[in-house]
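We count ligands from 1, going down the list as the structure has it; atoms in each ligand are counted the same way.
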Amino acid sequence: MKATFRRLCTLLGLLHYGAATVSLPGDWTLVQQGTTGVSALELAVVSETKALILDKVYERASFFIAKFKHELTNMAREHNALMIDDHPAWGVEVDINTQEVRVLNPQSNTWCATGGFLSNGTLISTGGSPIRIDTGQDGLQALRLFTPCTDGTCDILEVPTRIRLTSARWYPSSVRIEDGSSLIFGGSTNTAYINNATINNPTYEFFPPKNINGFNGLQIFSQFMNDTLNGNHFPNLVYLPDGRVFVSANTQAMIFDWKTNTERRIPGIPNGVRISSPFSAGHVLLPLSAENNFTAEILICGGSTVNDFADPLTLTAQEPTSSQCIRMAMNEDGIAKGWEVDQLPEGRIMGDMILLPDGRVLIVDGAMTGVAGYGNVADEIGQSNADNPAFMPVIYDPNAPLGSRFSRDGLIASTIPRMYHSTASLTPNGSIMLAGSNPNADVSTIKYATEYRLEFLSPPYMAVERPSYTGLPATFDFKSRITLDVQLPEGTNDVKVALMDFGFSTHGVHMDQRLLYLDAILSSDKTKLLVTGPPTPALFPPGPGFLFVVTDRGVPSFGHETLVGTGASPPVDEDAIANMLNKTTTQPDVPSS
Ligand SMILES: *[C@@H]1O[C@H](CO)[C@@H](O)[C@H](O)[C@H]1NC(C)=O
Ligand SMILES: *[C@@H]1O[C@H](CO)[C@@H](O)[C@H](O)[C@H]1NC(C)=O
Ligand SMILES: *[C@@H]1O[C@H](CO)[C@@H](O)[C@H](O)[C@H]1NC(C)=O
Ligand SMILES: *[C@@H]1O[C@H](CO)[C@@H](O)[C@H](O)[C@H]1NC(C)=O
Ligand SMILES: *[C@@H]1O[C@H](CO)[C@@H](O)[C@H](O)[C@H]1NC(C)=O
Ligand SMILES: *[C@@H]1O[C@H](CO)[C@@H](O)[C@H](O)[C@H]1NC(C)=O
């Protein structure tokens, strides 16, 4: 195989630098197809065909009763009709193509947990609600493992005596770091519409636990999470190409070096806009490529200027939301320039920002007024703290000139409100899966009802002839070279290769979402594509990735899955684990409200 290869990506990049992203024009389609059985509070694509969905458990079972197992089976419930082990289910695996649902059986309360993958392909779901369920477990220190399988037998594994968080975390965030571990950040110790000094957990920790900076397996104080009260639930975390972590919460931002435990404050959010829960803006890392010198640019859209110390009873579901959309490059130049301010067509909170394989960003779902949550504001709509669902998505083109980056050409509005506790994700085939919405304490049919219906939003590229390829190995190591056999639609001159992490979606926050363009050289006969793995683990932390071959018209192939790196598990420090187990308990003291 010594066909001549042309270095097309570089050429393509140069040609299009400063010009709008190449994307296929045309009409989008939206279909409602299938139901999820539990409401999709958390969503992650876990294979080429399956997605994991987790819901919450609302009803508190008395710990006394739980302990002595009196008629317990129906105590724990989100009154979903779907059952498992004689109690309502709150977790499923759904087939993306057939929408067939397989019930899962988590043992702890997943309500407002975070999640993400480790380098070996196992998904971890961490933290959750203090509300105890019939197993006697709450979710606060839970660490749930889910290793995707193809035979329909995998379930969520929990072993709290050995595998748990060091401290209570409701509404934490997480990010996969370059050694394939997870960094878990913030959260609070008890239930609330918003965080406050009494319930704040201003710390972070690693899984697997590390002996680092003098903290042997235990949690580490974060000044930033102490300084960003009250509105700092679900902080935005992005792993940066230099191995540090972008963090934003409330009105502030920093670059965090986990290796040295140092924080560097960077310009805060302009114009007093708050961007984390319950004022949930969306955030995304824009695509990384050699053409932009792998410069990380962060985009944050929406939020609210509501006072985060206000009693929620003084707020209404009609509070205006922010249309501010800000962008900054995470290098000295970018930080010196500060945030560039743009405007969405309308205000939005709880929107989901989805990276598309063509390099653009879809902003979908959420609400145009109010705040996140339910049961708090003076004039709840049903129980919702928000009103005026944002039915109409909008596209952001990072390469278009400022002032013309937003477009709705060909887009289509939904009629299904997807506000608090809704989720969205790109699928391996390039469509966008929309799920959930439940601004209610339990399953409800009142206005802004519990939503089980799935929708699939299909960009115009779904309707044309698409490229295809074979030859992606099960693991794809950094800097390694692979040759794919490609079949390109007639008229294709160039291709790009987009390696994507679809992330973990909850509360309009997309943990770990990422797009890295790989170095790729097409053979002169356009049948072979020589692709080089990510240059460094910081550019794409080792773990699951979906690889799309994208034509010069902006049409992506199916995104096949590989494990970036070697597939090895993240480092395990037995001493740090022993110390963590020795110094922490499985059940934190929870105020008894
Ligand atoms: C903090 O939140 C908790 C839980 O909602 C509440 O009981 C407490 O009063 C709040 N404290 C302050 C200082 O607002
Ligand atoms: C953390 O926040 C609390 C409450 O706002 C404050 O009392 C305490 O002094 C802060 N600690 C540090 C180290 O900043
Ligand atoms: C690209 O990034 C590297 C590392 O961040 C830096 O050393 C180099 O100067 C950058 N090159 C350009 C052309 O900006
Ligand atoms: C992917 O989408 C195309 C439409 O572009 C469709 O024909 C094909 O069946 C889909 N493949 C899978 C595996 O869903
Ligand atoms: C991945 O690593 C974690 C942490 O050590 C471990 O619990 C899990 O079993 C591993 N998964 C696989 C598939 O090896
Ligand atoms: C557990 O901690 C106690 C005191 O903090 C110490 O005496 C003991 O040696 C520790 N055990 C292990 C196994 O680390």
Side-chain angles (χ1 to χ4, degrees), residues 24 26-31 33-34 45 47-51 60 94-100 112 129-131 140 150 168 170-171 186-204 219-233 249-250 252 254 261 263 265 277-278 307-314 356-358 373-376 385 425-433 454 456-470 472 487 489 546-551 553-561 588-593:
L24 191 76
D27 287 334
W28 293 56
T29 59
L30 180 69
V31 293
Q33 206 161 34
V45 169
S47 72
E48 288 183 13
T49 53
K50 301 288 198 303
R60 186 187 175 90
V94 61
D95 188 299
I96 298 164
N97 303 313
T98 63
Q99 291 84 47
E100 191 188 326
C112 298
S129 163
I131 291 171
L140 288 168
T150 50
W170 204 9
Y171 315 94
S188 59
T189 58
N190 202 2
T191 169
Y193 143 79
I194 197 162
N195 205 355
N196 70 43
T198 314
I199 59 173
N200 194 21
N201 183 353
T203 69
Y204 66 92
Q219 59 184 343
I220 305 174
F221 177 71
S222 164
Q223 187 67 51
F224 183 85
M225 292 311 291
N226 211 61
D227 293 346
T228 47
L229 291 170
N230 278 343
N232 68 0
H233 277 154
N250 207 347
Q252 300 186 44
M254 70 157 172
N261 189 28
E263 299 182 350
R265 302 302 166 102
S277 183
N307 178 356
D308 65 334
F309 279 81
D311 177 344
L313 279 171
T314 65
L356 300 177
D358 64 21
Y374 61 81
N376 308 111
N385 288 351
S425 178
L426 189 70
T427 71
N429 206 8
S431 61
I432 298 93
M433 182 176 182
L454 273 174
F456 292 88
L457 190 53
S458 292
Y461 57 62
M462 298 294 289
V464 299
E465 194 196 345
R466 297 172 63 184
S468 62
Y469 73 88
T470 55
L472 184 67
Q487 276 196 300
F546 292 84
L547 189 142
F548 294 89
V549 173
V550 187
T551 72
R553 294 175 68 210
V555 179
S557 66
F558 185 89
H560 295 288
E561 188 180 20
D589 285 337
V590 178
S592 60
S593 65

Among all residues two or more places apart in sequence or in another chain, which pass the ring-ring contact (aromatic ring centres under 6.0 Å, His included) test with F546?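 ring-ring contact (aromatic ring centres under 6.0 Å, His included) check on F546 returns F502.
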Can you name the atoms of ligand 2, numbered from 1 with element, that are less than 4.0 Å from a heavy atom of N226?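 It comes down to these atoms of ligand 2: 1 (C), 2 (O), 3 (C), 8 (C), 10 (C), 11 (N), 12 (C), 14 (O).
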Taking only heavy atoms of F221, which atoms of ligand 2 are found under 4.0 Å from at least one of them?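 So the answer, numbered in order with elements, is 13 (C).
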Can you name the residues that form a side chain to side chain contact (heavy atoms under 4.5 Å, CB included) with N196, not counting sequence neighbours?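 Listed in chain order: T198, I199, N230.
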Indicate yes or no for a side-chain donor-acceptor contact from [X] to the backbone of [Y] under 3.5 Å, with no hydrogens or angles considered.
| X | Y | answer |
| --- | --- | --- |
| E263 | M254 | no |
| D95 | E100 | no |
| N232 | M225 | yes |

Please identify each residue that fulfils salt bridge (charged side-chain N to carboxylate O under 4.0 Å, His left out) with D27, with sequence neighbours left out.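 Expected list: none.
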Contact (N/O only, under 3.5 Å) between Y461 and ligand 4: no
Would you check the N or O atoms of M462, main chain and side chain alike, for any that come under 3.5 Å of an N or O of ligand 4? yes
Drop me the distance from T98's OG1 to K50's NZ, to the nearest 0.5 angstrom.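 Interatomic distance, T98 OG1 to K50 NZ, rounded to 0.5 Å: 7.0 Å.
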Taking both backbone and side-chain atoms of Q223, is any N or O found less than 3.5 Å from an N or O belonging to ligand 2? yes
Which bit of I96 is near ligand 4, meaning a heavy atom under 4.0 Å away: side chain, backbone, both or neither? neither
Write down, by chain and number, every protein residue that brings a non-hydrogen atom to less than 4.0 Å from an atom of ligand 1. T191, A192, N196, T198, I199
Could you tell me whether the side chain of P428 reaches within less than 4.5 Å of the side chain of H560, counting heavy atoms only? no
For F558, the ligand 4 atoms whose distance to one of its heavy atoms is below 4.0 Å: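 Heavy-atom distances to F558 below 4.0 Å select 13 (C).
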